[in-house]
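Position 1 is the first residue of the sequence; numbering continues from there. Quick caveat: nothing in here was measured; it's all calculated off a predicted structure.
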Amino acid sequence: MNPRDLRHLILKGILAWSVLSVLVWYFGDGMIKALFPLLKAVMSALAPDFSHSLKLSDSVQSQLDASIELSAWTLRPIYLNAKQFIPPGTDLKASTHLLHILVPMVIEGSILFVWPVQRWQQRGLLIILGLVSAVLVILAILPTHLLAMLEISLQDIALTADKPRPEPWFIDWMVFCEMGGRWLLGVLAAWLCIQLQRELLPV
């Protein structure tokens, strides 16, 4: 690739990033709301001892501060350690910033929009695959993130006495995502979409 083509590709990438960032800023809340049933289904599978409720909380100062809030009611006693448990009916809460969760979608979309193709059908297929895989990435990140935010505080309590409960695996998954894993998932999703597009619509 010559320097001129490289500059052109970089400019296209910056443009795609900017456009997608604006779209996510304005329409991300509606998309997340549409995914609430799927998100709650995933959380119910991961944490069946809780009843989950999700809502968006908008800041009056800026949409950049919009948050996704989880309320989790305990359905049965939750064991912490030999001396402590969480009684049924306890309401636990956690939250995270909306735009923080949607960053992988912007990364994936930027790659797919600038990836060179030879036919418009290939670009269209990339976009469709990108939307589906972006939803899967959000389902892999958001439920575990919110549940881990709850479980971290519970785990701190569990470690204060004998026979603490095992640490839930999704705490480690949340730490991985926060250390750059969510960016990696966006790139990996884009790569998988490109490989699938090549199989379905070869040159």
Subject >> Non-hydrogen atoms of A189 and V137 that approach each other most closely >> reply: CB-CG2, 3.9 Å
Original post:
Where does the angle between the aromatic ring planes of W17 and W183 fall among parallel (under 30°), tilted (30 to 60°) and perpendicular (over 60°)?
Top reply: tilted
Original post:
If you look at every heavy atom in L75 and P48, which pair is closest and at what distance?
Top reply: CD1-O, 3.8 Å
**OP:** Work out which heavy atom in S133 is nearest to a heavy atom in G130; give both atom names and the distance.
**Re:** OG-O, 3.1 Å
Subject >> Where P104 and I141 come nearest, the two heavy atoms and their spacing >> reply: CG-CD1, 3.8 Å
Original post:
If every non-hydrogen atom of L102 is compared with every non-hydrogen atom of G28, which pair is closest and at what distance?
Top reply: CD1-CA, 3.7 Å
**OP:** Verify side-chain contact (heavy atoms from CB on, under 4.5 Å) between F36 and L56, making sure each step is shown before the conclusion.
**Re:** CA-CA 10 Å; F36 274 1; L56 281 176; 4.3 Å; yes
Subject >> ILVMFWY cluster membership beyond L188 - transitive side-chain contacts under 4.5 angstrom >> reply: W191, L192
**OP:** Grab the two heavy atoms, one from L112 and one from R123, that are nearest each other, plus how far apart they are.
**Re:** O-NH1, 2.7 Å
**OP:** Apply side-chain contact (heavy atoms from CB on, under 4.5 Å) to T144 and M174, showing your working.
**Re:** CA-CA 6 Å; T144 52; M174 185 270 283; 5.6 Å; no
Original post:
Judged by atom type as modelled, is there a donor-acceptor pair below 3.5 Å linking the side chain of S51 to the main-chain atoms of W73?
Top reply: no
Subject >> L54 and M43: CA distance, side-chain angles, deciding distance, side-chain contact (heavy atoms from CB on, under 4.5 Å) verdict >> reply: CA-CA 11 Å; L54 292 169; M43 285 188 283; 3.5 Å; yes
